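Since this is a predicted model, take the numbers as computed values, not measurements.
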Amino acid sequence: MKRSMKNKGPLSGNVRSAIPGLGKWRMHVDEYWIKGEGYFMRKVVGLFVYVIASWLVLSCGGGGGVQPPPAELSVQLSANPTTIGAGGQTTLSWSSQGATSIIIDHGIGSVAVSGSTAVSPSATIVYTAVANGSSRTAQASVTVTVNVPTGSIKSLQHIIFMLQENRTFDNYFGQLNQYRGTQGLPQDVDGLPGNASNPSYDGTGIVPAYHIKTMCAENQSPSWDEEHFDANRYNAASTTATMDGFVYVAGKFSLDTGGAEIQGIRVMGYYDDTDLPYYYFMASQFATSDRWFAPVMSNSMGNRIFSLAGTTAGHTYPFKTTLTSMNIFELLENNNISWKVYLTPVLGPTDDPEDTGSTYLFSFQPFASQHMDKIVPVSQYLTDAANGTLPAVSFIETSPGLDEHPGKNVQTGAAYVATLVNTLMASPSWADSVFILSWDESGGLYDHVPPAPAVKPDNISPIDLAGHVPGDFDRTGFRLPLLVISPFTKPHYVSHNVADYTAVLKFIETRYNLPSLTNRDGAQIDMTEFFDFVNVPWKIPPTPPSQPTTGICDYGNLQ
């Protein structure tokens, strides 16, 4: 039977002529056609697919036109352990496949595509890791459960301690009773007596306490010898404090150093709530003490070393040698309790060689150098508070220009502290934190209460008093202001129990069940009297007044 062209088979002549090389297959096609149309179709279609595929590959320059599928993207996140106690740590670990970057929430941020980090959440929390790669994302989460006991000191997850510079209780809070009276609060503070005074520099007259006009005044020395003469002008070695040498010591310091205020009357000045409204409000709403002392009758370095270690290892004057004795942060580190030291940047020139804008933790070596990752700028404190990632224990170091040191503007320093406290009160960290604020030593300013007897920290007597007033570490320094700010603070509370600020060490040791560093901190009150852990009085914090910074700063405008 004769077939028309369109019935000659599955490939027309036009198709055969369009594909080079098919002409020579014609005789084979006729042969296959005889064997049956179905068989022919299978053979030709298979051959056709092979030829077309080969032609496409060759025309695309080999195998380069075929793109492999994208790599698999995945991320894994785990915690060990997944359940911790209050103040405890856990380690987050993560790994990934095909990721170019990973971000973990709750303040951890961008991390390597695999790794681990220690975290210390204050409450049960879900951590999520988000991996990015090839325009895709993958994520993994893990829950860390925090068992937080209620109604006890263990409700506190963050202890923040800060020391400003060189103020006595009478200099700052001597008028606290008058302010509390205007607020309808009990006037039970041992403040500045109405007849407070000191003999004049030349000993012929009396200099009464007065409301000082300037927010800054000339400096004076609070070193070992000078503080002992402050306590007893005519017998500095005596343990009987007559509290009559403040004016004399300040006048002599100005005379010896070329200062202008050689009468020394600046040390009898005091501030009140019109100058420091923020501090007066916080001291009255939260808690303070009228028996809170510096650890030693000396200047900043010795007292600040006491705040870290409960001892100076025999030093009464500034020193450059390193200390190997245990400090509170080493004790915390050894017990896997998180901590940080936050450094305030220097604002303006220094007028005291001890004003460094750094930290005396660097006196403890090699420990400090081995933990530089935990000594960070104060900006990190603001971030940690806002993110709820504060460590268990923090120490905020002050710096010149913001430290309220004599010679500096007290309002500027108070306004700076207000930003730190207000940030905490407005953050999620407020619910389980305490901010303890004090000042490191008297600065040579007047206070009417004598230093208190104290337990010697160890068996090391002063090693640097040759040619100086004799003495030992068996007395505190002078009284200092104190603020205890927390949702758990008893409202309007005033403690009358004698303590120096190594009590903060005792408080940390009590909270975390740690041994005492020395006999001195071991003998302190544990500070639990300041708190009501059951009723949480300040769950919603009060709204403090703003701290003005417009007062005059004029060394010559005292009265």
Side-chain angles (χ1 to χ4, degrees), residues 163 166 168-169 190 221-246 249 289-319 323 325-328 360 363 438-445 447-480 482 495-507 509 515-527:
L163 287 172
N166 297 41
T168 61
F169 188 90
D190 186 1
S221 174
S223 294
W224 176 276
D225 284 355
E226 286 83 349
E227 290 227 336
H228 283 76
F229 278 102
D230 285 336
N232 191 319
R233 174 172 178 169
Y234 298 105
N235 188 2
S238 173
T239 57
T240 300
T242 53
M243 308 298 281
D244 59 357
F246 294 94
V249 170
S289 170
D290 58 13
R291 286 297 182 273
W292 183 260
F293 295 86
V296 62
M297 293 177 70
S298 189
N299 51 13
S300 290
M301 185 172 188
N303 280 287
R304 285 180 176 269
I305 293 295
F306 254 105
S307 77
L308 298 174
T311 181
T312 64
H315 297 278
T316 64
Y317 280 88
F319 58 90
L323 301 175
S325 51
M326 179 77 72
N327 64 77
I328 188 62
Y360 284 113
S363 297
S438 191
W439 283 253
D440 63 356
E441 37 99 344
S442 74
L445 297 163
D447 195 271
H448 78 280
V449 176
V455 173
K456 291 181 61 175
D458 42 42
N459 59 3
I460 306 174
S461 296
I463 61 176
D464 53 4
L465 289 183
H468 294 281
V469 176
D472 209 338
F473 299 110
D474 56 0
R475 277 202 293 174
T476 69
F478 295 107
R479 285 196 312 170
L480 307 170
L482 169 70
S495 171
H496 308 294
N497 291 316
V498 172
D500 69 57
Y501 58 67
T502 61
V504 176
L505 300 177
K506 179 64 173 285
F507 182 59
E509 293 155 1
S516 299
L517 290 167
T518 69
N519 295 331
R520 175 65 72 86
D521 55 293
Q524 299 302 307
I525 62 173
D526 64 13
M527 296 187 69

### Task
Mind telling me whether Trp224 and His228 have parallel, tilted or perpendicular rings, with 30° and 60° as the class edges?
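Rings of His228 and Trp224: tilted, 30 to 60°.
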
### Task
Evaluate the ring planes of Trp292 and Tyr501, with Trp represented by its six-membered ring, and classify them as parallel (under 30°), tilted (30 to 60°) or perpendicular (over 60°).
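Because their plane-to-plane angle lies in the 30° to 60° range, the rings of Trp292 and Tyr501 count as tilted.
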
Side chain to side chain, [X] and [Y], heavy atoms closer than 4.5 Å:
X      : Y      : result
Tyr317 : Leu465 : yes
Met301 : Ser363 : yes
Phe473 : Ile460 : no
Thr312 : Phe306 : yes
Glu441 : Ser298 : no

Which pair of non-hydrogen atoms, one from [X] and one from [Y], has the smallest distance, and what is that distance?
X      : Y      : result
Pro295 : Thr502 : CG-CG2, 4.2 Å
Arg520 : Gln524 : O-NE2, 3.2 Å
Pro450 : Ala241 : CB-CB, 3.6 Å
Gly471 : Pro462 : O-CG, 3.5 Å
Ala236 : Val469 : O-CG1, 3.7 Å
Pro453 : Thr476 : O-CG2, 4.4 Å

### Task
Check for a donor-acceptor pair, side chain of Asn303 on one end and backbone N or O of Val296 on the other, with a separation under 3.5 Å.
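Between the backbone of Val296 and the side chain of Asn303 there is a qualifying donor-acceptor contact (under 3.5 Å).
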
### Query
Counting N and O atoms only, with roles assigned by atom type, does the side chain of Arg291 sit under 3.5 Å from a partner on the main chain of Ala452, one being a donor and the other an acceptor?
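Side chain of Arg291 to backbone of Ala452: no pair is present.
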
### Query
Between Pro451, Ser442, Ser223, which is the residue that forms a side-chain contact (heavy atoms from CB on, under 4.5 Å) with Met297?
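The passing option is Pro451.
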
### Pair Arg304 + Asp440, salt bridge at N-O below 4.0 Å
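Looking at Asp440 together with Arg304, the answer is yes, because their closest N to O distance falls below 4.0 Å.
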
### Task
Carefully, step by step, assess Phe478 and Leu445 under the rule side chain to side chain contact (heavy atoms under 4.5 Å, CB included).
CA-CA 9 Å; Phe478 295 107; Leu445 297 163; over 6 Å; no

How long is the straight-line distance from [atom2] of [Y] back to [atom1] of [X], given to the nearest 0.5 Å?
X      : Y      : atom1 : atom2 : answer
His315 : Ile463 : NE2   : CD1   : 4.0 Å
Asp230 : Thr242 : CG    : OG1   : 10.0 Å
Asp521 : Ser307 : CG    : OG    : 11.5 Å
Leu308 : Leu323 : CG    : CG    : 9.5 Å
Asp500 : Ile525 : CG    : CD1   : 9.5 Å
Asp290 : Leu482 : CG    : CG    : 10.5 Å

### Query
Cut-off 3.5 Å, side chains only: do Thr311 and Asp458 have a donor facing an acceptor?
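Indeed, the side chains of Thr311 and Asp458 share at least one donor-acceptor pair under 3.5 Å.
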
### Query
Is it the case that Asp464 and Thr316 place a side-chain donor and acceptor less than 3.5 Å from each other?
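Result is yes, a qualifying pair exists.
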
### Query
Which is it for Ser221 and Asn299 under the side chain to side chain contact (heavy atoms under 4.5 Å, CB included) test, yes or no, and what are the steps along the way?
CA-CA 8 Å; Ser221 174; Asn299 51 13; over 6 Å; no

### side chain to side chain donor-acceptor pair (under 3.5 Å) against His448, all qualifying residues, sequence neighbours excluded
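For His448 the side chain to side chain donor-acceptor pair (under 3.5 Å) partners, ignoring immediate neighbours, are Asp170, Asp190.
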
### Query
Are Lys456 and Asp472 close enough, and set up right, to give a side chain to side chain contact (heavy atoms under 4.5 Å, CB included), and what steps lead you there?
CA-CA 8 Å; Lys456 291 181 61 175; Asp472 209 338; 3.0 Å; yes

### Task
I would like to know whether Thr168 and Arg479 meet side chain to side chain contact (heavy atoms under 4.5 Å, CB included); could you show each step before the answer?
CA-CA 6 Å; Thr168 61; Arg479 285 196 312 170; 5.8 Å; no

